[in-house]
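Computed from heavy atoms alone, side chains included, the values below leave out hydrogens, waters and symmetry copies. Quick note: residue numbers are just sequence positions, from 1. The structure presented is a predicted model; accordingly, all values stated were derived computationally and were not measured.
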Amino acid sequence: MLGIYHRENRLNLNEVQPMIDIFGALPHRHLTQRSYPGFVVVTTNEVEGEHGFAAAESGKWIAAVVGTLASGGRAQARAADEFLEAWLADEADSLPNLEGAFAAMAYDPAGHRLRIANDKFGMRPIFICESADYVAFCSEFEPLCSLPGYRYVLDAEAVAEYFCFGTTLDGHTFGDGIRNLAAGSILEVAHGQVAERCYWRPRIAIDHESTIAQHAERIVDVLKTVVPQMLSQITNGRCLVSAGADTRLILSCMPEAERKRLSFLTSSLAVLPIDDDRDVIGALALVERLGLQHEIKRVAFSELEFGTEYFDRIKSQRNKKVIGGWHGGEYLGGFCSKAAPIRKELTFAEVDERLRATFSKRFVRKLKRHPFQAYEQALSQMESENRDFQFQIQQLGRAFFSNVYHGSRGSWLQPYVNVNLGFSPFWDSRFLQAILAVPFEFVADYQLYNVIFRDFLKELTEIPSNSPLTQREDTALPRMTAGQEPKLVLQPKYQTALDTYRKDYSMWRRRLYRWRHLRQQLSDGNATTTMQFIDFEAWWRRYGKR
């Protein structure tokens with residue numbers, strides 16, 4: 001979704017056409033555009049003729065939604081219809097009643113009023129950029145860099161955060177003036193004036209009274225509502241199936257009609273023989289058990305050299321919506337305590353040492369605030385009793401750029417791959433509210449997840465799994481022993497990129513890094529700083545070097 005609002009209701013379509021061209025550049029994208037004297041909005045779909053708009057009969061409002069959405073405990077065929085119906089009934093007052101993982105916009109042509117909103121946890125990105133004449137929003141970063149009147153400058157604070165923490169905070173992007181709308185927020189534009197406010201904050205208390213089995217039952221009930229509603233709003237979608245726990249949880253919560261309607265996909269590393277890939281072995285057992293439509297797609301992560309062109313290559317490969325269990329084990333199994341970039345209480349001294357070891361004195365002096373201040377502010381905004389858990393959820397779900405799971409080199413590109421084409425029930429606001437009410441000691445080490453399969457979702461528990469859940473002595477899922485684990489084989493190639501960037505003297509002339517000290521650090525090809533350096537420099541050459 002891309003929208004461009006002219007403050008004085010005099011949009012020059014030719015002036016903003018380069019933004020639309022960038023947004024629709026991929027061959028599998030079919031654009032639908034609605035234009036008004038002061039506003040243009042474009043949505044994409046992988047199926048020609050389909051669109052994400054809803055319009056009121058009176059013509060007063062038009063709406064568009066990215067993601068999935070439910071209101072009043074139900075879901076219609078299209079999220080945009082659901083959003084517009086709620087909006088026309090109560091406007092901004094309706095937002096706390098909306099659940100899901102979505103970003104939405106509503107526009108009133110008669111009053112030249114624009115509203116942009118996201119879900120309670122902000123799991124669908126919606127980036128905002130302003131210039132003297134325009135207010136623009138997009139589910140992707142790149143088109144906003146070409147907004148007329150906007151001068152692209154690197155956001156030094158976001159870069160410092162990434163190198164100090166392995167993630168960006170507070171909706172920061174690497175473009176100064178381009179931000180991800182804060183979670184649970186609405187941005188209103190009327191008569192050229194912009195106002196932003198938070199309509200909901202997660203202030204969730206931990207339920208200490210319930211047993212772990214009672215918590216597990218409630219989580220299952222939530223997912224049995226979320227999964228069918230999510231699937232009802234997805235067209236041209238495929239569901240991932242692997243040997244993991246997240247796959248069989250989704251399958252167990254999926255109505256029989258959806259199992260027959262959907263096609264299922266298993267990704268297999270090209271470096272592994274198909275019959276030696278644990279994900280394939282487990283997936284085929286599930287497919288045979290349930291009689292699913294299924295295909296195996298060979299993917300070449302380890303064989304491809306990482307570099308600047310990698311971003312476009314990965315984007316162009318994703319031509320269908322994908323339903324998967326992203327962040328299932330992280331949130332439901334507690335693995336976020338190990339996977340989230342910031343996993344412990346930091347001190348100023350730790351952060352300051354990393355900052356000054358990486359960046360030049362000139363760069364550090366230009367910072368408007370120290371990264372530690374950004375960290376303290378982000379942490380202070382976590383108002384749930386499960387504060388650390390909420391912070392970890394935010395890091396994994398809202399980061400503009402992150403080093404989790406090999407960073408960009410492992411194809412976990414933000415903000416493109418997962419958030420724009422992926423659909424996961426574990427991003428739904430109802431699930432996140434439910435999981436934050438569980439004591440983290442129940443969640444940690446897959447204890448709660450194990451109880452879910454042991455007591456409530458037994459349908460597929462006889463099939464071996466490669467989930468970390470199976471490492472428990474009391475595991476409800478049999479441990480897989482056949483084949484090799486793909487995660488242990490995956491070794492992204494990045495040495496060529498490292499050598500190229502390290503020898504690029506124009507990079508050193510940018511006076512960004514403390515170059516003598518950093519070059520010494522880069523001699524360790526597997527150091528954390530080295531990985532962050534490779535990812536950021538590749539990003540800079542593709543998007544930042546304008």
[X]: what forms a salt bridge (Lys or Arg N to Asp or Glu O under 4.0 Å) with it, not counting sequence neighbours?
{"X": "Glu459", "value": "Arg259"}
{"X": "Lys344", "value": "Glu350"}
{"X": "Glu537", "value": "Arg510, Arg541"}

With a 3.5 Å cut-off and sequence neighbours excluded, list the donor-acceptor pairs that the side chains of residues 160-167 form with protein atoms.
residue, atom, partner, partner atom, Å
Glu161, OE1, Leu169, N, 2.9
Glu161, OE1, His172, ND1, 3.3
Glu161, OE2, His172, ND1, 2.9

**Asked** Who are the side chain to side chain contact (heavy atoms under 4.5 Å, CB included) partners of Thr211, not counting sequence neighbours?
**Response** Ala213, Gln214

**Asked** Would you say the side-chain atoms of Glu99 and Gln433 include a donor-acceptor pair closer than 3.5 Å?
**Response** yes

**Prompt:** Among side-chain atoms of Ser465 and Thr470, is any donor-acceptor pair under 3.5 angstrom?
**Reply:** no

**Request:** Dump the intermediate steps for ring pair (Phe, Tyr, Trp, His ring centres under 6.0 Å) on Phe431 and Tyr331, then the final yes or no.
**Result:** CA-CA 10 Å; Phe431 167 77; Tyr331 300 162; 7.0 Å; no

**Message:** Apply ring pair (Phe, Tyr, Trp, His ring centres under 6.0 Å) to residues Phe121 and Trp200 and explain how you reach the verdict.
**Reply:** CA-CA 9 Å; Phe121 290 86; Trp200 188 86; 5.6 Å; yes

**Request:** Might you work through the side-chain contact (heavy atoms from CB on, under 4.5 Å) test for Ser267 and Asp279, ending with a clear yes or no?
**Result:** CA-CA 8 Å; Ser267 296; Asp279 270 336; over 6 Å; no

**Message:** Does the Lys NZ or Arg CZ of Arg124 fall within the cation-pi geometry relative to Phe423 - under 6.0 Å from the ring centre and within 45° of the axis?
**Reply:** yes

**Request:** Could you note down all residue pairs passing salt bridge (charged side-chain N to carboxylate O under 4.0 Å, His left out) where residues 207-227 supplies at least one of them, sequence neighbours left out?
**Result:** Asp207-Arg218

